[in-house]
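Take a look at the structure below.
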Number of protein chains: 2
Amino acid sequence: MANMKEIARMAGVSLGTVSHVLNRSAPVREPLRRRVEEAVQAAGYQPSALARGLRRDKTNMIGMVIPDVTNPFFPAVVRGAEDTAFANGYRLVLCNTDNDHSKELVHLNELRTYLPSGLIVIPSDFSDLTRQAESYQRSGAAVVCVDRLPRRWHGDSVTAANEQGAHAATRYLIQLGHRRIAAITGPLHLTNSEQRLRGFRRAMAEADLPIAPEYLQESSFDLAGGRSRALLLLRMLPRPTAIFGGNDMIAMGVLQAIRELGLRCPEDVSVMGFDDLDFAALINPPLASVLQPGYQLGATAARILLDRVHGDGGPARHIVLPTELRIRESVAPPRASEAGAGKTRAGGARAAGRTTPRSRKKQ
Amino acid sequence: MANMKEIARMAGVSLGTVSHVLNRSAPVREPLRRRVEEAVQAAGYQPSALARGLRRDKTNMIGMVIPDVTNPFFPAVVRGAEDTAFANGYRLVLCNTDNDHSKELVHLNELRTYLPSGLIVIPSDFSDLTRQAESYQRSGAAVVCVDRLPRRWHGDSVTAANEQGAHAATRYLIQLGHRRIAAITGPLHLTNSEQRLRGFRRAMAEADLPIAPEYLQESSFDLAGGRSRALLLLRMLPRPTAIFGGNDMIAMGVLQAIRELGLRCPEDVSVMGFDDLDFAALINPPLASVLQPGYQLGATAARILLDRVHGDGGPARHIVLPTELRIRESVAPPRASEAGAGKTRAGGARAAGRTTPRSRKKQ
DNA sequence: AGGGGAGAATGAAAGCATTCAATCCAATGC
DNA sequence: GCATTGGATTGAATGCTTTCATTCTCCCCT
């Protein structure tokens, strides 16, 4: 492919002029500009992204570092980021960390050599991002943190309203009449898990409901963890009438455990998830959940990053996107014999969440 | 960050020597080599990927062009490719085309300016990849096609055994005693859809079963399409006793339609999917499906690409990875009154597929 | 008509690593 | 002991674009 010198020769102008036409970095008078544009057309010339990046000390790449694309929640975040980046001429380099902070470190170090404009990171467990980000920022690259934060993070971040979401979900269960509500949280060293737990606790406290310590189980964010903790919970006496899962995978595990024990959802146990993954509405019974706007999370992170690239030097922004309760058939009032004494039967609760159909997958 | 000249100065050697130490491109005697390595350490030096790529006319990036990460089948492919690429020092630039060939074209053109080592592409509808790939290959970049092929594709490819998979699935339904089997295919301009249909037809032909034309429905690869086609099929008289979906999303739509009409699966209608997405085993009833090795698809594509980069100039490779039947509760023999006259009740059929638990998601 | 100045165009330098032809050295062979 | 050979080392050239100091034009004003 032709290079810029070639174009300059063809158009009979200097290198600088070609560059100025290409980048609008200086006014170029009509006749020259036209000649350059025609030469570019004729040669099918495209500037080398490498040479450009080398010279400018910055490329239009954005490093996207996430635990695992294969995890059903993350693709939406990636897609949101990619769309926004793409629309602005930026490209995403995708890195999976498997939640391993040493693998994350490798990616972070490697990525630097490409001089990306910035990084969008969903931190791994025990991430060292805070320190790494400093060196990026020193070299003018922006770093935005998404979904969960590493310890001591003070930079830009975009997260979901985990606490509110969990609070609303728990409150809904309480309004339905549940009193013995258990929770299976995700790993509590993750800020999002911890926030969800806090929301759960707050709702329970506000209703003056005690939380039996054994009703609080910590699990990994997966189906197996949810299932095993649910098996424990479901065998306790008295048995909880509702279980709040730290995410939808956990909730799926709960549903599985319920089936295995010959119990029924929602008749015997109500189940609430978190994330509202696509399949939540599709399973049987449809899973009530707290919608987390994955796409928006990614898109917003990219937006902030681009603002930084374009010179926004303001203080760190901490965007918290609203969550939304999606009520579905996996939650129902407890059996009459179980209903909280004196509690009304969730008169207004039904209005708290609406079920909106979602489906737009194509292959 | 320091550059190579700096390192050369620190180590008291020439630029060339530093380069040779870094790339093992020529032997360097111990004392010098040590001095260079120490200088690299001390300065925390990392070569600039941009300068390197510029000089070598090739970077260690791989363009990964897919329809949509958000589509549940693709993340596994991406992950397979990323793992293999990463293990060999390559990085993935992710591009979503939304199945739009003009968007694909934009990506393909843009990507070129990064001088990637190659491209892994799941072609969009009506992709112009065949032509684009030529120009890549001329410049020494490899292009590998995955999952489906654009028209007239003669380059490297990695696909699943779509025909065999569909054949095995259909044969299984037949062996269960079904005779009126309908199929809802994906878009038939996609090679994978078409191959699955061919497998379906072959199995039916081999059993001397006719296929009523109205039992063959074409749909988009999504839930809505599957649902609407299923509603048509389920209202036909005689009603099919089994429906084979072109992928799992379509099959999900079928299940939904069945429920809506007050029918039951598998008692009234058996349902078979294709892909074996993670949720297939988790829904109710668990969905029988044809496992497509998404991760392997991606990993193999990356493997081939790397071989090409390392100089494999052999003829185009067309890898076809085996699919595997996953029998689950969504399929069962038809009601006794429906069973094909003279057909045995699928004695050996049960052995044809085994259900293996799969779950390893973490967040 | 001459001087000044704004705007346009130029081209060399910079940014960084790789490669190759040339040089250097030591050891081997005769 | 000298020439030859092969391996080790060097440094200039290269790839491509952006930037900036400089030069050039042309117009306006006095």
Side-chain angles (χ1 to χ4, degrees), chain A residues 1-37 39-40 43-61 89 110 112-117 139-141 309, chain B residues 1-37 39-40 43-61 89 110 112-117 139-141 309:
Chain A
M1 165 108 43
N3 60 16
M4 218 165 93
K5 195 148 89 187
E6 179 80 357
I7 301 299
R9 202 185 48 66
M10 287 169 64
V13 300
S14 71
L15 278 177
T17 303
V18 178
S19 175
H20 290 139
V21 171
L22 258 34
N23 303 304
R24 309 186 194 296
S25 46
V28 175
R29 250 198 269 272
E30 186 50 25
L32 293 203
R33 134 166 284 123
R34 263 255 311 284
R35 264 151 55 201
V36 170
E37 280 164 354
V40 167
Y45 167 75
Q46 292 180 286
S48 153
L50 299 179
R52 175 173 281 180
L54 182 59
R55 189 60 245 248
R56 286 196 185 154
D57 253 13
K58 174 162 299 194
T59 66
N60 59 351
M61 286 183 265
E110 244 266 345
R112 219 191 305 264
T113 69
Y114 291 93
L115 306 185
S117 286
S139 70
V309 170
Chain B
M1 167 112 38
N3 61 14
M4 218 167 92
K5 193 146 90 185
E6 180 78 359
I7 301 298
R9 201 186 49 68
M10 286 168 66
V13 300
S14 73
L15 276 177
T17 303
V18 176
S19 175
H20 290 140
V21 171
L22 258 33
N23 303 303
R24 307 185 197 296
S25 46
V28 175
R29 250 198 265 274
E30 186 51 25
L32 292 203
R33 135 165 283 122
R34 262 257 310 286
R35 265 153 52 201
V36 170
E37 281 164 351
V40 167
Y45 168 74
Q46 290 179 286
S48 152
L50 298 179
R52 174 174 283 180
L54 183 59
R55 190 63 245 258
R56 288 195 183 155
D57 255 10
K58 176 165 296 195
T59 65
N60 58 351
M61 286 183 266
E110 244 264 346
R112 219 191 305 265
T113 68
Y114 290 93
L115 306 185
S117 285
S139 71
V309 171

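- Salt bridge annotation for A/E37-A/R34: absent, with no cationic side-chain nitrogen under 4.0 angstrom from a carboxylate oxygen.
- Here the side chain of A/K58 pairs a donor or acceptor atom with the backbone of A/G140 at under 3.5 angstrom.
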Does B/E6 form a salt bridge (Lys or Arg N to Asp or Glu O under 4.0 Å) with B/R9? I'd like the steps, not just the answer.
CA-CA 5 Å; B/E6 180 78 359; B/R9 201 186 49 68; 3.3 Å; yes

Nucleotide N/O to protein N/O under 3.5 Å, stretch nucleotides 6-9 of chain D:
unit_1, atom_1, unit_2, atom_2, d
D/dT9, OP2, B/R29, N, 2.8

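- The distance from the CG atom of A/L115 to the CE atom of A/M61 is 8.0 Å, given to the nearest 0.5 Å.
- For the residue pair A/N3 and A/Y45, the shortest heavy atom distance occurs at C-CE1, 3.6 Å.
- Atom CG in A/L22 sits about 7 Å away from atom P in D/dT18, given to the nearest Å.
- Applying a 4.0 Å cut-off to non-hydrogen atoms, the residues of residues 43-55 of chain A that approach DNA chain C are A/A51, A/L54, A/R55, listed by residue number.
- Following rounding to the nearest Å, A/I7 (CD1) and D/dT17 (P) show an atom-to-atom distance of 9 Å.
- Exactly one residue among B/T59, B/N23, B/N60 makes a side-chain hydrogen bond (donor to acceptor under 3.5 Å, both in side chains) with B/R52. That residue is B/N23.
- For B/T113 (side chain) and A/S48 (main-chain N/O), no donor-acceptor pair under 3.5 Å exists by modelled atom type.
- Using a 4.0 Å cut-off, no side-chain N or O of B/N3 falls inside it from OP1 or OP2 of C/dG15.
- Residue A/A43 comes nearest to A/I7 through the heavy atom pair CB-CD1, 3.7 Å, listed as atom of the first residue, atom of the second, then distance.
- If you measure from atom CZ of A/R56 to atom C1' of C/dC16, you get 17 Å, rounded to the nearest angstrom.
- Nucleotide D/dC16 holds its C1' atom 13 Å from the CG atom of A/N23, rounded to whole Å.
- Within 4.0 Å (heavy atoms only), B/D57 reaches no atom of the nucleic acid at all.
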